[in-house]
Amino acid sequence: MRTVPGATDRVVVIGAGLAGLATALRLRGAGREVTVVERGPGPGGRAGVLERDGYVLDTGPSVFTAPELVADTLAAVGERLEDRLELVPLETTYRAQFADGSHLDVHADVDAFAAGVEALAGPAEAAALRRYLADLAELYRLQLRTFIDRNLDTPLDLLGPELWALARRGGFGRLSSHVARFFDDDRLRRLFSFQALYAGVSPFRAIAAYAVIAQLDIGAGVWHPVGGIGAVPRAMAAAAADAGVVFRYGATVEQLDVRGRRVTGVCLEGGERLPADAVVVTTDVPERLVPGFSRRRPTYSPSCVTLHLGVRDELPGQAHHTISFGAAWQQVFDELTRDGRPMSDPSLLVSMPSRTDRSLAPDGGQVLSVVAPAPNLDPHSGGNPHIDWDALTPRYREEVLGTLEARGWTGLSDAIEVEHVDTPLTWARQGMAAGTPFALAHTFGQTGPFRTPTLPRRGPENVVLAGSSVQPGVGVPMVVISGRLAAERITGPVR
Ligand SMILES: Cc1cc2nc3c(=O)[nH]c(=O)nc-3n(C[C@H](O)[C@H](O)[C@H](O)COP(=O)(O)OP(=O)(O)OC[C@H]3O[C@@H](n4cnc5c(N)ncnc54)[C@H](O)[C@@H]3O)c2cc1C
């Protein structure tokens, strides 16, 4: 593994999102002097929080998986997760709601899950489920060691028994075909392939190796951090500050101060300069800050429209997380990733964390976040720069609410007290490429050793990258891992 040459005593980390926080904790744990510079008023980045009239709305991630990664990161500074964060394991990981009116509760407990599948689709599918879950766990184990949890400098780094085992298990075939080999029931096929969208690709084009995303949620379970997902970055930032990391909030890095092959500091808006022996950049588009660093035209993930709602209604009977599938399926992915059109028959992720955590909403109320995948703004990524989201949003919002009312969230629209809507234009205005918060898609050519490494070959020798646009990828678990990978480029491997 290549590492940053020369002195690395003082490190500036740009960005206090989950990647920046994970990097800072790792570096501080290895004895570095660390300053985190964040343009926002607090930690979290895309894992943002909005508090209004007693409602606490997470505006970013809603599905929190793999808490052991955060625990391991906190352990780098001698802290225990349970001292900083209260996590509630969800018995029902998701409720899957299908267009034919049926539904299936995905239970963390395999026997309960299999019983639900048997009731829905019969004993053969329940047996297939057990085989599939075992296969997923094995696929994940193989990939964690080869693709995910390590710095990769060249594709040759992959060569080894795990790669062959992955190939033998069909990891490089199509995800949709892989899932179809196990399940006959179309509803189960959807349940185990929609996660490809989390990786920014259609299951009809994704390689089967991405089945492992379902290992993170359906296989290994989902947790709720009490106080909302925003409690996770707050806990990490507090542990980092107590360990001696310096935080500069409300400070925007304007440029890196480059002398020859090295960066010697970062220049903030307003003129202040912070000296540094190494810099970690966790922003969405590192090429805007890092001179000399560039990459071939990336393919970006689809984006989303999100509705965050505080509602004065108990909404009885609804689950913590619901995946509400429309009748359309392949068409949905074509619209999102090829045709650049909003979904005509939407599949939605609806989260109602106040079902588990009453601290998030006033008595008699609930908070909901509704994620509707949408095309991004980049025509080269199947997106559409011509949709005027500002003009379309009121109508689209009505459409989404109407869909939810028709799918069982009766009375929702009239009960809304607090509301916040984000669209691809929101993400674009925050500086995210292609108007998507999900960064580069995990196409084959942007995965593993083909995704930008945490220590790029082009650019200053002491600039390291972390976050969702570099290895290993998008989502809370991946960016937390990227923090470790980035830190190891500076400290060398730590196990
Ligand atoms: C709506 C939505 C739903 C999601 N759902 C899920 C989910 O359910 N599960 C899941 O695992 N993941 C989910 N994700 C993805 C996950 O939130 C992200 O992958 C992850 O939070 C990205 O973290 P990061 O640290 O890489 O980037 P960021 O959080 O964007 O951090 C980068 C930070 O850099 C700061 N910054 C940028 N430029 C500068 C500058 N010049 N100077 C100083 N600071 C700067 C930014 O303000 C930001 O705080 C979701 C994301 C969104 C938006």
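Here the structure is a predicted model, which means the values were calculated and not measured. Just so you know, ligand 1 is whichever comes first in the structure, and atom 1 is the first atom listed for that ligand.
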* Check whether the side chains of Thr356 and His224 place a donor and an acceptor atom closer than 3.5 Å, and report yes or no. =>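 Absent: no donor and acceptor within the cut-off.
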* Asked: Does a donor on one side chain and an acceptor on the other come within less than 3.5 Å for Thr447 and Tyr210?
  ->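 Yes, a side-chain donor-acceptor pair sits under 3.5 Å.
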* To do: Could you check which of Arg46, Glu254, Glu269 puts a non-hydrogen atom nearest to atom 30 (O) of ligand 1?
  => Arg46
* Among all protein heavy atoms, pick out the one at the shortest distance from atom 44 (N) of ligand 1; state its residue, atom name and that distance to 0.1 Å. =>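 Protein heavy atom with the smallest distance to atom 44 (N) of ligand 1: Arg39 N, 3.2 Å.
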* Distance to 0.1 Å, residue and atom name: give those for the protein heavy atom nearest to atom 15 (C) of ligand 1. =>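 Result: Gly475 CA, 4.0 Å.
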* side-chain contact (heavy atoms from CB on, under 4.5 Å) against Ala214, all qualifying residues, sequence neighbours excluded -> Leu136, Phe192, Gln195, Asp217
* Asked: Within the side chain of Arg355, is there an N or O that forms a donor-acceptor pair under 3.5 Å with the backbone of Gln366?
  -> no
* Salt-bridge present (Glu399, Arg395; N to O < 4.0 Å) ->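 The answer is no: the pair does not qualify as a salt bridge.
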* Decide whether the shortest distance between a heavy atom of Phe64 and an atom of ligand 1 is less than 4.0 Å. =>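 Distance cut 4.0 Å: Phe64 fails for ligand 1.
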* Is the closest heavy-atom distance from Leu268 to ligand 1 below 4.0 Å? ->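 Leu268 does not count as a contact of ligand 1 under the 4.0 Å cut-off.
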* Asked: Less than 3.5 Å between some nitrogen or oxygen of Val371 and one of ligand 1, yes or no?
  -> no
* Is Ser468 close to ligand 1, meaning an N/O of one under 3.5 Å from an N/O of the other? -> yes
